[in-house]
Amino acid sequence: EICSIEATINIGKLTDVKNLAFKKKAPRAVREIKKFARKTMLTKDVRIETALNKEIWKKGVRKLPKRVRVRISRKRNEDEDAKEKLYTVVSLVEMTSFKGLVTEKV
């Protein structure tokens, strides 16, 4: 089914960047966000929008944002020759504060 979820991802906790080499922090964050989306939406094809990618890489490869609010949407694949019927798009939701936010269906 097609649906959307809005969730806050704690990048520091998710990626365990404390014990990671500097040059691998941002790529690991992108990988872990894709893994989170894959687990949440149960699809193998996960795509990250450019706004979210720029938000992660904004301070460089070393300094990641602590948290990111994302909208994870499962969509139908229009390609006829695609392996999967559905794919997942992860997009950024702009937030000023993360206080009191919970995961919710949109």
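In this text the structure is predicted, and so the values were computed from the model without any measurement.
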For [X] versus [Y], what's the shortest heavy-atom pair and its separation?
| X | Y | value |
| --- | --- | --- |
| Arg76 | Leu86 | CA-CD2, 3.8 Å |
| Ile2 | Arg74 | CG2-O, 3.1 Å |
| Ile56 | Ala26 | CG2-O, 4.3 Å |
| Lys66 | Asn10 | O-OD1, 3.4 Å |

When rounded to the nearest 0.5 angstrom, what is the spacing between [atom1] in [X] and [atom2] in [Y]?
| X | Y | atom1 | atom2 | value |
| --- | --- | --- | --- | --- |
| Lys13 | Glu32 | NZ | CD | 13.5 Å |
| Leu64 | Arg28 | CG | CZ | 11.0 Å |
| Lys59 | Lys25 | NZ | NZ | 12.0 Å |
| Leu52 | Ile9 | CG | CD1 | 7.5 Å |
| Arg67 | Ile11 | CZ | CD1 | 10.5 Å |
| Glu6 | Glu104 | CD | CD | 5.5 Å |

Looking at side-chain heavy atoms only, is the closest gap between [X] and [Y] below 4.5 Å?
| X | Y | value |
| --- | --- | --- |
| Glu84 | Thr43 | no |
| Thr88 | Thr40 | no |
| Lys58 | Lys54 | no |

### More than 12 heavy atoms of other groups within 6.0 Å of Glu78 CD
no
### Message
Around atom CZ of Arg47, are there more than 12 heavy atoms from other residues, nucleotides or ligands closer than 6.0 Å?
### Response
yes
Are [Y] and [X] connected into the same hydrophobic cluster when the rule is that any two of I, L, V, M, F, W, Y join if their side-chain heavy atoms are below 4.5 Å apart?
| X | Y | value |
| --- | --- | --- |
| Phe22 | Leu20 | no |
| Trp57 | Val90 | yes |
| Val89 | Met41 | no |
| Ile33 | Val93 | no |
| Leu92 | Tyr87 | no |

### Query
Can you tell me if Arg69 uses its side chain to pair, donor with acceptor, with the backbone of Met95 under 3.5 Å?
no
